[in-house]
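Encoded as structure tokens, the structure appears first; notes follow it.
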Amino acid sequence: GGGSGDYGDIMKVETTGASMQTAQQDNLDFAGKEASYAMAETDLVEMNNYKSIIKNVARQKGVDAALIAAIISRCCRAGKWLSGGWGCYDEKRKKYNTFGLMQIDVSPNGGGHTPKGEWDSEEHLCQATDILIYFIIRVKHKFRGWSKEQQLKGGIAAYNAGDGNIGPDGDVDSKTSNGDYSNDVVARAQWYKSNGCNNY
């Protein structure tokens, strides 16, 4: 319950922020938390279009709204990168691999999820947040000695790379996109939580 979600406090999760590779998206000449903050801020105007559905889903699912916003920022820059709601075009299959604001994996060798709802709908965010929760719980059961915050970060990484790619040493991002997925998402979430005019 409460503002922090049922899965640990996003503000207490340790993060190094975005890699230089991710920061290149906005032609930033710096990496780390500052880069994550800058990209989150760049996406704020578009993000606010989805604020009410993000908050609804956050309440229903017990996940921090700032975390949902951060995934939307990282995955598709609040919709700016999508083509009719789809992302990651697969040349071989001649199909898109990912769907929606939270970019769920619809490819046969990935999650193979069947998309629910429109790409920018509350139904989509519910489905994607359920997938996120599934991975947080998988990581929690796998690494029971970890703190709630470590498990939350591991679950965020697993949302991107699968829980089989989360290492026991706590280096959760070694197999994620650009090697920084959870660190970048956590830093963006911390920015939305602190600077979204208390909106997230």
Side-chain angles (χ1 to χ4, degrees), residues 10-50 54 63-83 85-91 96-107 110-111 119 125 128-129 131-132 135-136 139 149-150 152-167 169-196 200:
I10 197 75
M11 294 310 282
K12 290 186 185 149
V13 179
E14 285 179 24
T15 172
T16 51
S19 66
M20 205 62 226
Q21 195 180 349
T22 298
Q24 294 292 296
Q25 293 171 4
D26 283 13
N27 299 315
L28 301 175
D29 56 2
F30 51 93
K33 288 191 252 195
E34 296 301 325
S36 296
Y37 301 159
M39 290 182 284
E41 186 169 17
T42 297
D43 294 341
L44 184 62
V45 173
E46 285 82 4
M47 195 68 68
N48 284 339
N49 296 329
Y50 310 114
I54 290 170
V63 169
D64 204 311
L67 173 53
I68 296 175
I71 290 175
I72 293 171
S73 174
R74 164 71 188 223
C75 283
C76 68
R77 305 309 300 276
K80 289 178 283 192
W81 281 4
L82 300 179
S83 174
W86 298 89
C88 293
Y89 188 72
D90 185 332
E91 286 295 340
Y96 288 97
N97 282 339
T98 55
F99 176 79
L101 283 174
M102 284 174 74
Q103 288 291 279
I104 62 168
D105 194 338
V106 295
S107 67
W119 66 274
L125 290 188
T129 302
I131 295 166
L132 173 65
F135 281 120
I136 295 168
V139 167
E149 278 70 35
Q150 286 172 309
L152 175 59
K153 188 177 184 183
I156 295 165
Y159 180 81
N160 173 257
D163 55 284
N165 283 318
I166 307 307
D169 55 357
D171 173 22
V172 294
D173 268 342
S174 58
K175 303 255 174 63
T176 64
S177 305
N178 295 356
D180 70 346
Y181 186 88
S182 69
N183 279 288
D184 183 25
V185 165
V186 166
R188 292 187 201 216
Q190 290 173 348
W191 189 89
Y192 283 120
K193 189 107 176 144
S194 312
N195 298 280
Y200 290 93

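Just so you know, these numbers come straight off a predicted model, no measurement behind them.
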Q) Residues in ring pair (Phe, Tyr, Trp, His ring centres under 6.0 Å) with Tyr181, at least two apart? A) none
Q. Given Asp26 and Arg77, is the side-chain contact (heavy atoms from CB on, under 4.5 Å) satisfied, shown in steps?
A. CA-CA 10 Å; Asp26 283 13; Arg77 305 309 300 276; 2.7 Å; yes
Considering only heavy atoms from C-beta outward, does the side chain of [X] approach that of [Y] to under 4.5 Å?
X      : Y      : answer
Ser83  : Tyr89  : no
Met102 : Thr129 : yes
Glu46  : Ile72  : no
Gln21  : Asp180 : no
Ser194 : Met11  : yes
Tyr192 : Asp43  : yes
Asp173 : Thr16  : no

Expected output: side-chain [X] to main-chain [Y] donor-acceptor under 3.5 Å:
X      : Y      : answer
Ser73  : Ala69  : no
Arg74  : Asp184 : no
Ser182 : Gly154 : no

Q) Within a radius of less than 6.0 Å around CD of Gln24, do more than 12 heavy atoms belonging to other residues, nucleotides or ligands occur? A) yes
Which pair of non-hydrogen atoms, one from [X] and one from [Y], has the smallest distance, and what is that distance?
X      : Y      : result
Ser36  : Ala18  : OG-N, 3.0 Å
Leu28  : Ala38  : CD1-CB, 4.1 Å
Val172 : Ala157 : O-CB, 3.5 Å
Asn183 : Thr15  : O-OG1, 2.6 Å
Ala31  : Ala23  : CA-CB, 4.4 Å

Give, for atom [atom1] of [X] and atom [atom2] of [Y], the distance between the pair rounded to the nearest 0.5 Å.
X      : Y      : atom1 : atom2 : result
Leu101 : Tyr50  : CG    : OH    : 5.0 Å
Lys153 : Ile10  : NZ    : CD1   : 10.0 Å
Ile166 : Lys175 : CD1   : NZ    : 9.0 Å
Gln103 : Asn97  : CD    : CG    : 10.0 Å
Leu132 : Phe135 : CG    : CZ    : 9.0 Å
Asn165 : Asn160 : CG    : CG    : 9.0 Å

Q) Going by atom types only, do Asn178 and Thr22 share a side-chain donor-acceptor pair under 3.5 Å? A) yes
(Q) If we count only N and O atoms by modelled type, under 3.5 Å, do the side chains of Asn48 and Tyr200 hold a donor and an acceptor together? (A) yes
**Q.** Worked check of side-chain contact (heavy atoms from CB on, under 4.5 Å) between Ile104 and Tyr159
**A.** CA-CA 9 Å; Ile104 62 168; Tyr159 180 81; 3.9 Å; yes
